[in-house]
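Letters A, B, ... mirror the listed sequences (proteins, then strands); counts begin at 1.
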There are 2 protein chains.
Amino acid sequence: MVTGSKELIRDINMNLVLETIINNTAISRAAIAKHLGLTKATISAIVQELINKKLVIEIGSDDTNLGRKPILLSLHKKAGFVICIDIGVDTISALVSDLIGEDCSLKQIKTPKNTSNIVSVLIDLIESMKLPKDTPYDLVGITLGIHGVIANNQVSFAPYYNLSGINIAEGLESHFNAPVYLENEANLSVIGEKTFQYDYANIANISVHSGIGLGIIVNHQLYTGYNGRAGEFGHTIIEIDGRQCPCGNQGCFEQYASERNLLREYSKMKNTEEQNFEQFRAAYEAGDPDANKIMDDFVKYMSIGVNNILNAYNPDIVIINSSFTIFFPHITEKIEAALTSRMNSYIRIVPSVLQDTSILLGGICVAIKGFLGVDNLKLNHIDLRG
Amino acid sequence: MVTGSKELIRDINMNLVLETIINNTAISRAAIAKHLGLTKATISAIVQELINKKLVIEIGSDDTNLGRKPILLSLHKKAGFVICIDIGVDTISALVSDLIGEDCSLKQIKTPKNTSNIVSVLIDLIESMKLPKDTPYDLVGITLGIHGVIANNQVSFAPYYNLSGINIAEGLESHFNAPVYLENEANLSVIGEKTFQYDYANIANISVHSGIGLGIIVNHQLYTGYNGRAGEFGHTIIEIDGRQCPCGNQGCFEQYASERNLLREYSKMKNTEEQNFEQFRAAYEAGDPDANKIMDDFVKYMSIGVNNILNAYNPDIVIINSSFTIFFPHITEKIEAALTSRMNSYIRIVPSVLQDTSILLGGICVAIKGFLGVDNLKLNHIDLRG
DNA sequence: ACATTAGTTTATTCATCAAATCAATTGAAA
DNA sequence: TTTCAATTGATTTGATGAATAAACTAATGT
């Protein structure tokens, strides 16, 4: 039970001050006081505490044309570092980052066939990376991106690899002495998009890959549902008695709109085995009518999915993350144009900007938020492939 | 911006104390202190303030077998009263209630064809009712249930009557000098169910009538989305290129599962005009095979809708409110059995208990919550037709 | 009389606020 | 060039109010 106390108000105000400093990059005490509506005395006291904790540093003064020059404050971005590891079906990707998502380093390995000793694989991976040295806090959090359902920081269901029953978090926590956060990949994606790109209160982020997942932000917070299964949007039904899905349903959305199924349809048309996305893309750009038909299907099915999201969640914005939107970003305009309901007011439908980095960047945010205690983090996007 | 301050502490703790008193019906200061983890001194001070404000009364002592007998505290349920008016397509229903949803009185009138002077119609209706007298606060809130979309406490879209552009809230507020809350009917329903019946953190409440609406509770709070259109679940698509819907889409859920459409299908089978639900019900109970087929369709379509809700929202519980569930409550078991996905873990699917009173009772809760400032209200259900 | 539980009183702590003060800077008047 | 008013930033000081701990009073049964 959260009751009111002196400690609570200090907590609230300290987090707000820290949040203000981070989200404004460089700001003075006076400006923070004005922004938050607290007195300068209060802000000075809180800032002193943050400086003592080595979370905030003074970075010189600003150029103003009247009165005493303000001392600019900034997050001490090298106070510690965080790690996100995306455990993909084929590849495990690890990203080390400072506290603002800058100065990252990436390493990738093959996902082992047998995942029973995943904890030691991850420990070896982390220890093989170049980690920042001599920081006040060192490693302050690890996030694991999982292709599956998470409940109580454990994998409760994963279709592509067997991680259920293994207590990954505890294993890593005791070895690195830092909190470990497990989260679904689609959920990390939406956190990444919100933090680095689209700072809205309510967001729906569709991740279309082999399956289809939906990351949901409600009132600035990730929504995961009763037991972590919110956003299993690929298994909503869009066709009565439709195509059989391995999940047991007929007519699941991902039997129509997922990359895997669209490529399968394309391969059928071509009477070949397993066309990959690159082949499809080349054919499409060469004007191949079959590829064109597949693209039309993608637009048609996605517009149904988007319609269902709008009428169910009514988010501020819908973000689509898929190979299709990576290579043909303007496809979202076609999807928007294909919406038929006149009940939908104008809502932005946009392609992901972070693309395949959204999971890792989202994971970085989770660990940073956990360490700093900041509710609503805003950071600048740094393109990893720049 | 909500910053920490002394007032905030008092606010938080006062609301918690009030909430504890309401939700426990009768409780002592010592028990509140234990329940909230605050000291007895704090609780005594807050309770004194609440008694001074005439919101809480002492109602004698409890029977214990050792030590001083505790003084039981209770909400002063006659400190004021609230009103909810459900503006239905055919009927306007008004309910006056004390502060715990007991001691209600109901009045119904026909909805006027022309709703341009709706404000004066509502004023006349309220003034024609027997209202409690000589209470400390008198009328403390009015909730209006609207069959349409609400944004910023105004009607932004209503399919069955024209209320857009009329500032109903302001008109009533200035006349009665009490806050007026506008809310969608499906949203009021889910608030009613949560407060009086199913106290879960995440709830999806399907209201099936002429259309299909969904009231959504996320983290104990109503979720309405970016511009109040969350839960327009009747216009999610369950059939690609399916039945034409007036909204412009093809294959909307409510073209299959709404009462109106099922009765229309039934009438077609019978080659008669406009069978009503009573006729259908009689035929079904007499074993009519056509009626049986319609019932099977309802189960089939609803199981698709429920599947989509489970995979999108993953709520703690799904509540279904319709004529079908009122007269055949066990139908929810059939709907549950018709779910085909093996990915769905066990989630309760239940018929509404409040049935057609859920809107009015939900509206009462909104006004009470607004007056008392209590976040998480729990009340006991009083059956209006008892 | 004593153990036990309920509720109140009192002194202390701590985070906020308002106001005064100190600090630093500009620019115009002397 | 010097001086000083104006301005803005940051700190210090005393007051306020709400929570706490601990001591106290109140009531009750054995």
What residues form a side chain to side chain contact (heavy atoms under 4.5 Å, CB included) with B/Asn23, not counting sequence neighbours?
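Once residues adjacent in sequence are excluded, the partners of B/Asn23 under the side chain to side chain contact (heavy atoms under 4.5 Å, CB included) criterion are B/Glu19, B/Lys378.
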
Side chain to side chain contact (heavy atoms under 4.5 Å, CB included) partners for A/Thr195, two or more places apart:
A/Ile191, A/Cys365, A/Leu377, A/Leu379

Partners of [X] by ring-ring contact (aromatic ring centres under 6.0 Å, His included), sequence neighbours excluded?
X        : value
A/Tyr223 : none
A/Tyr181 : none
B/Tyr313 : A/Tyr313

Take atom [atom1] of [X] and atom [atom2] of [N], then tell me their distance rounded to the nearest Å.
X       : N      : atom1 : atom2 : answer
A/Asp62 : C/dA24 : CG    : P     : 17 Å
A/Gln48 : D/dT12 : CD    : C1'   : 13 Å
B/Ile12 : D/dG17 : CD1   : P     : 18 Å
B/Leu36 : D/dA18 : CG    : P     : 17 Å

Please work out if A/Ile43 contacts a base, only the sugar-phosphate, or nothing of the nucleic acid, heavy-atom cut-off 4.0 Å.
nothing

What does A/Leu38 touch in the nucleic acid at a heavy-atom separation under 4.0 angstrom: a base, only the sugar-phosphate, or nothing?
sugar-phosphate

Do any side-chain atoms of residues 133-145 of chain A form donor-acceptor pairs under 3.5 angstrom with protein atoms, and if so which ones, sequence neighbours left out?
residue, atom, partner, partner atom, Å
A/Thr135, OG1, A/Asp138, N, 2.8
A/Thr135, OG1, A/Asp138, OD1, 2.9
A/Tyr137, OH, A/Lys53, O, 2.7
A/Thr143, OG1, A/Gly363, O, 2.8

Give every donor-acceptor pair under 3.5 Å between a side-chain atom in residues 40-50 of chain A and any protein atom, sequence neighbours left out.
residue, atom, partner, partner atom, Å
A/Thr42, OG1, A/Thr39, OG1, 2.9
A/Ser44, OG, A/Lys40, O, 3.4
A/Gln48, NE2, A/Asn52, OD1, 3.2
A/Glu49, OE1, A/Arg10, NH1, 2.6

Detail all sub-3.5 Å separations between protein N/O atoms and N/O atoms belonging to nucleotides 11-15 of chain C.
residue, atom, partner, partner atom, Å
C/dT13, O2, A/Lys6, NZ, 3.0

Per-pair distances, 0.1 Å, donor-acceptor, side chain in residues 61-80 of chain A, under 3.5 Å, sequence neighbours excluded:
residue, atom, partner, partner atom, Å
A/Lys69, NZ, A/Thr64, O, 3.0
A/Ser74, OG, A/Thr25, O, 3.2
A/His76, ND1, A/Lys54, O, 3.0
A/Lys77, NZ, A/Glu102, OE1, 3.1
A/Lys78, NZ, A/Asp98, OD2, 3.1
A/Lys78, NZ, A/Asp103, OD2, 2.7

Salt bridge (charged side-chain N to carboxylate O under 4.0 Å, His left out) contacts in which one or both residues fall within residues 21-36 of chain A, not counting sequence neighbours:
A/Arg29-A/Glu58

Validation row: A/Ser97, A/Val82 side chains within 4.5 angstrom (heavy atoms):
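Yes, side chains in contact.
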
Check each residue of residues 23-31 of chain B for a non-hydrogen atom within less than 4.0 Å of any atom in DNA chain C, then write out the ones that pass by number, or none.
B/Ser28, B/Arg29, B/Ala30

Working to the nearest 0.5 Å, report the span between NZ of B/Lys369 and CG of B/Asp375.
8.0 Å

Reading DNA chain D from 5' onward, which residue's closest nucleotide shows up sooner: A/Ser44 or A/Thr3?
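Upstream on the strand: A/Ser44.
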
Under 3.5 Å between N/O atoms: give me all the protein pairs with nucleotides 21-30 of chain D, atom names plus distance.
residue, atom, partner, partner atom, Å
D/dA27, N3, B/Arg68, N, 3.4

